[in-house]
Amino acid sequence: MKILSVYISAFGVLKDKKIDFNENLNTIKQENGWGKSTLAVFIKSMFYGLDDSKRSVAENERTKYLPWDYSGKFGGSLEFEKDGKVFRIERNFGLKSTDDIVRLFDVASGKEYSKTEELGKRIFQIDEEGFFSTVYFSQKDLSAKANSSLTSKFNSLNIPDDEQAFEKAIKNLDDKCKEYKIRGDKGVLAQNKRDKFELESKIKYCKALEDTCVTLREQIAEDKELVATTEKRIEELLKKERVANEYEKTRLRNQFIDDKKSRKLNIETQIEQLNQTLNGTLVDEKDIKERTAMLDDYNNAVLKEQVLTESINEIKNSVSTKIPTNNFSLIFAILSAIILVSGVVLAFFSLIIGLTLVGVGICLAVVSLLLFLKNKKSNRLDLQKRLEEKTADLFSYAEIRTCYEKAFNDFLKRFYLPEGDYAYKFNKLTETVKSYKTLKSELEEVEKSLIELTKDGQESSIAIDSDYSLNVIKEKIASERSLLDSRKEILLRRKERLNTIENEMSSHSQLQEDLARLIEKNKEDQRKYDVLSSTKEFLEKAYDNLKIKYRSPLEEGLNKYLSKVLNGAKKQLRIDVDFTVTAIEDGQTKHADYYSKGYKNLFEICKRFALIDVLFVADKPFIILDDPFVNLDDEKTELMLSVIKTLSNDYQILYFICHESRRVIDEI
């Protein structure tokens with residue numbers, strides 16, 4: 001058997017977590033507080049549920065692992081493979097065990113199994129206590145204790161078929177003994193005693209029933225007369241009800257016709273109002289949609305026209321304003337002025353230098369003037385060209401807008417529509433046409449209904465007396481029927497009572513015979529009970545001797561694993577029928593409590609491995625190791641890890657650790 005994966009929606013500190021496992025060794029190394037032990041308990045709980053029998057938080061699994069932010073999610077799912085088939089267990093835990101929901105599915109077929117009680121016990125053939133004593137290794141408690149489920153599974157695997165019947169035979173004998181005699185006032189023998197007392201009481205009672213029979217016969221005669229009178233009144237009321245029913249049908253039919261006529265008038269009025277809007281013209285919705293689709297182009301043309309108008313105004317303003325001066329022209333003008341002033345000043349000191357500078361300044365002034373005139377002419381030509389292009393575009397969009405407005409106006413002037421833009425008018429027209437068609441269709445249905453209702457002639461009428469009010473008549477009938485049922489019930493009970501008394505009176509002799517037979521039966525039942533009790537006691541003694549047989553294979557496996565961990569060192573262990581381990585040293589038997597905690601853990605671990613080998617032969621289970629080697633020294637830990645590595649060839653192992661030193665080297 002293998003666990004394939006788990007999904008935890010919320011369980012303790014774990015939330016919304018999916019973990020997949022391989023078929024051999026799975027090492028989960030995480031820091032303290034991550035939730036390794038929580039994950040191990042979650043796997044156990046998927047099979048066996050939560051143990052909430054204890055009061056303390058540490059021992060009550062439901063209290064301990066309930067999420068702090070509990071919002072209805074508490075549990076998850078587990079997929080496992082067994083006998084070549086894949087199954088999924090889903091468990092959602094509540095605040096108490098009665099709120100738990102468990103479901104089991106065949107993953108391949110999707111089939112859900114209806115029987116989900118004691119899943120773990122049915123899957124492993126051991127109960128939860130047996131599970132904790134075998135495949136679940138917890139560092140808190142490594143001791144493996146004998147219990148009835150382990151003994152039962154061991155015997156089913158190791159004793160011959162004829163001996164297997166011992167446990168079943170003892171249980172059957174015990175059940176059979178309980179049928180005869182159970183603690184308290186229960187069982188066949190106690191029932192015989194009660195039956196004897198009851199028969200004796202009935203025999204005495206039969207002698208006192210004569211006067212009761214006379215009274216009952218008189219009361220039955222009166223009851224029959226009352227029943228007949230009530231039935232006659234009901235028959236008269238039923239005749240009145242038939243007449244009132246006919247009247248009610250006619251009234252409802254006439255009322256329905258009036259409602260239809262009123263609705264017809266209302267529809268015709270609405271259609272007339274819509275006709276006024278449509279001006280007597282029923283336009284196709286397709287035509288409206290085609291024109292409505294043109295609104296985007298029309299609005300685009302209007303928007304373009306506005307934008308172009310603003311742009312043209314901006315260009316015209318630019319033409320009328322001063323043309324900005326070219327930067328190079330300004331630079332040359334400034335340099336020219338500076339050089340001319342410098343030349344005039346220097347002319348007083350050096351005429352040649354002064355005249356030279358004046359000449360350069362004049363040249364620069366001429367260049368600045370030419371640049372200014374060129375820039376002014378270029379800017380004016382560019383603005384004029386842009387103005388002409390924008391004006392041409394404006395004229396085009398104005399023509400488009402005018403064409404759309406003419407088409408819209410020519411179409412819409414056929415109708416009487418309220419004021420608004422084109423979009424509003426087209427929407428209003430569409431709604432009007434739809435309403436008109438809907439009302440016309442409804443009018444046809446109403447008229448067809450009226451024709452059907454009045455095809456037999458004019459509306460019917462019927463006169464009826466107030467005494468024939470249907471509700472009043474029904475109330476009277478219900479009241480009379482209730483009275484009739486009550487009187488019939490009384491009559492029936494009295495008849496049954498009379499028949500019972502007459503039968504009891506006539507069975508006096510039969511009661512005497514029954515009493516005699518019961519006395520004989522009680523003697524026989526007592527004899528059978530004595531035989532069953534003796535047989536059960538004998539079988540229990542024989543079965544106690546039989547259980548001794550499972551010690552040999554278990555003790556052999558215990559010493560095999562101990563030898564591996566002690567690296568061949570000799571230490572002989574023994575185990576009794578209650579799984580208690582003792583050691584043989586120097587020819588003396590020593591209890592495990594004489595050894596250190598590490599050795600005691602070692603004995604228990606080896607005992608568990610031996611138990612698993614012996615108990616699970618055909619279907620190998622998975623093994624959960626919740627860091628169980630913390631009390632072993634380094635040498636024994638290393639040897640135990642080697643054993644784990646070897647075991648993972650045959651078993652799926654889920655190994656939880658918090659320290660790298662306890663990891664299996666070269667994991668499979």
Side-chain angles (χ1 to χ4, degrees), residues 1-54 56-80 88-97 99-102 119-120 128 131-132 134-142 601 605 608 621-631 637 641 644 648 651-664 667:
M1 175 180 177
K2 304 286 189 300
I3 297 179
L4 304 179
S5 66
V6 297
Y7 171 72
I8 305 172
S9 57
F11 194 86
V13 298
L14 300 175
K15 186 175 182 181
D16 192 22
K17 186 175 291 295
K18 186 178 188 303
I19 303 174
D20 297 318
F21 300 101
N22 63 51
E23 63 179 9
N24 300 113
L25 177 60
N26 297 265
T27 301
I28 295 92
K29 176 191 170 296
Q30 296 291 344
E31 69 278 2
N32 292 328
W34 179 86
K36 300 183 295 299
S37 296
T38 301
L39 176 57
V41 174
F42 172 82
I43 293 172
K44 183 278 302 181
S45 300
M46 285 294 100
F47 292 100
Y48 290 96
L50 293 173
D51 180 5
D52 54 5
S53 59
K54 308 295 191 301
S56 68
V57 173
E59 296 180 332
N60 188 307
E61 292 179 345
R62 190 176 302 275
T63 303
K64 182 175 181 180
Y65 296 106
L66 179 71
W68 284 19
D69 57 347
Y70 176 70
S71 60
K73 288 186 176 182
F74 180 18
S77 62
L78 179 148
E79 288 194 2
F80 67 96
R88 183 174 71 256
I89 301 174
E90 297 178 359
R91 281 189 188 264
N92 187 48
F93 302 107
L95 298 178
K96 52 184 184 297
S97 59
D99 297 331
D100 291 354
I101 299 173
V102 56
L119 271 182
E128 184 174 354
F131 184 83
F132 277 118
T134 53
V135 301
Y136 190 106
F137 291 62
S138 171
Q139 59 176 282
K140 294 181 180 178
D141 185 10
L142 285 170
N601 283 171
I605 291 170
R608 281 172 170 264
F622 59 85
I623 298 175
I624 297 176
L625 302 177
D626 187 9
D627 214 352
F629 310 137
V630 293
N631 293 317
T637 298
L641 294 179
I644 296 302
S648 66
Y651 297 91
Q652 182 189 42
I653 297 177
L654 312 183
Y655 182 36
F656 301 95
I657 57 172
C658 62
H659 198 280
E660 189 67 27
S661 64
R662 291 193 288 277
R663 182 186 289 277
V664 178
E667 295 181 11

[X] to [Y] - nearest heavy-atom pair and separation:
{"X": "Ile644", "Y": "Ile653", "result": "O-CD1, 3.6 Å"}
{"X": "Lys15", "Y": "Asp69", "result": "NZ-OD2, 3.0 Å"}
{"X": "Tyr48", "Y": "Glu128", "result": "CE2-N, 3.4 Å"}
{"X": "Lys44", "Y": "Leu50", "result": "NZ-CA, 4.4 Å"}
{"X": "Val13", "Y": "Gly35", "result": "CG2-CA, 3.8 Å"}
{"X": "Pro67", "Y": "Ala10", "result": "CG-CB, 3.7 Å"}

Asp100 with Arg62: basic N within carboxylate O range, under 4.0 Å
yes
Can you spot which of Asn32, Asp627, Asp626 makes a side-chain hydrogen bond (donor to acceptor under 3.5 Å, both in side chains) with Ser37?
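Passing option: Asp626.
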So does Lys29 have more than 12 non-hydrogen atoms from other groups sitting under 6.0 Å from NZ?
yes
Is the number of heavy atoms from other residues, nucleotides or ligands under 6.0 Å of Lys18 NZ greater than 12?
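Yes, NZ of Lys18 has more than 12 neighbouring heavy atoms, counting only those of other groups under 6.0 Å.
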Report yes if some heavy atom in the side chain of Tyr7 is under 4.5 Å from a heavy atom in the side chain of Asp16; otherwise report no.
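The answer is yes, as the side chains (C-beta and beyond) meet within the 4.5 Å cut-off.
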Leu119 and Phe47, any side-chain heavy atoms less than 4.5 Å apart:
no
Between the side chain of [X] and the main-chain N/O of [Y], is any donor-acceptor distance below 3.5 Å?
{"X": "Glu23", "Y": "Gln652", "result": "no"}
{"X": "Arg91", "Y": "Met46", "result": "yes"}
{"X": "Glu61", "Y": "Asp51", "result": "yes"}
{"X": "Ser9", "Y": "Gly75", "result": "yes"}
{"X": "Arg608", "Y": "Thr134", "result": "yes"}
{"X": "Asn60", "Y": "Asp52", "result": "yes"}
{"X": "Lys36", "Y": "Glu31", "result": "yes"}

Show, in sequence, the C-alpha distance, side-chain angles and deciding distance for Ile3 and Asn26, and conclude whether the side-chain contact (heavy atoms from CB on, under 4.5 Å) test is met.
CA-CA 11 Å; Ile3 297 179; Asn26 297 265; over 6 Å; no
When rounded to the nearest 0.5 angstrom, what distance separates [atom1] in [X] from [atom2] in [Y]?
{"X": "Leu14", "Y": "Thr38", "atom1": "CG", "atom2": "OG1", "value": "5.5 Å"}
{"X": "Phe132", "Y": "Asp141", "atom1": "CZ", "atom2": "CG", "value": "9.5 Å"}
{"X": "Leu39", "Y": "Ile19", "atom1": "CG", "atom2": "CD1", "value": "4.5 Å"}
{"X": "Arg88", "Y": "Leu4", "atom1": "CZ", "atom2": "CG", "value": "11.5 Å"}
{"X": "Ser648", "Y": "Leu654", "atom1": "OG", "atom2": "CG", "value": "11.5 Å"}
{"X": "Ser45", "Y": "Leu78", "atom1": "OG", "atom2": "CG", "value": "11.0 Å"}

Do Phe622 and Phe21 have ring centres separated by under 6.0 Å?
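Here the rings of Phe21 and Phe622 have centres that are no less than 6.0 Å from each other.
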For Tyr65 and Phe42: C-alpha separation, side-chain torsions, deciding distance, then whether side-chain contact (heavy atoms from CB on, under 4.5 Å) applies.
CA-CA 9 Å; Tyr65 296 106; Phe42 172 82; over 6 Å; no
For Leu95 and Leu66, what are the C-alpha separation, side-chain angles and deciding distance, and is it a side-chain contact (heavy atoms from CB on, under 4.5 Å)?
CA-CA 8 Å; Leu95 298 178; Leu66 179 71; 4.0 Å; yes
Distance alone, cut at 3.5 Å: any donor-acceptor contact between the side chains of Tyr651 and Asn24?
no
Please test Ile657 against Phe629 for side-chain contact (heavy atoms from CB on, under 4.5 Å), starting from the C-alpha separation and ending with a verdict.
CA-CA 9 Å; Ile657 57 172; Phe629 310 137; over 6 Å; no
Do you know which of Phe137, Phe656, Tyr136 makes side chain to side chain contact (heavy atoms under 4.5 Å, CB included) with Pro628?
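Single side chain to side chain contact (heavy atoms under 4.5 Å, CB included) partner of Pro628 among Phe137, Phe656, Tyr136: Phe137.
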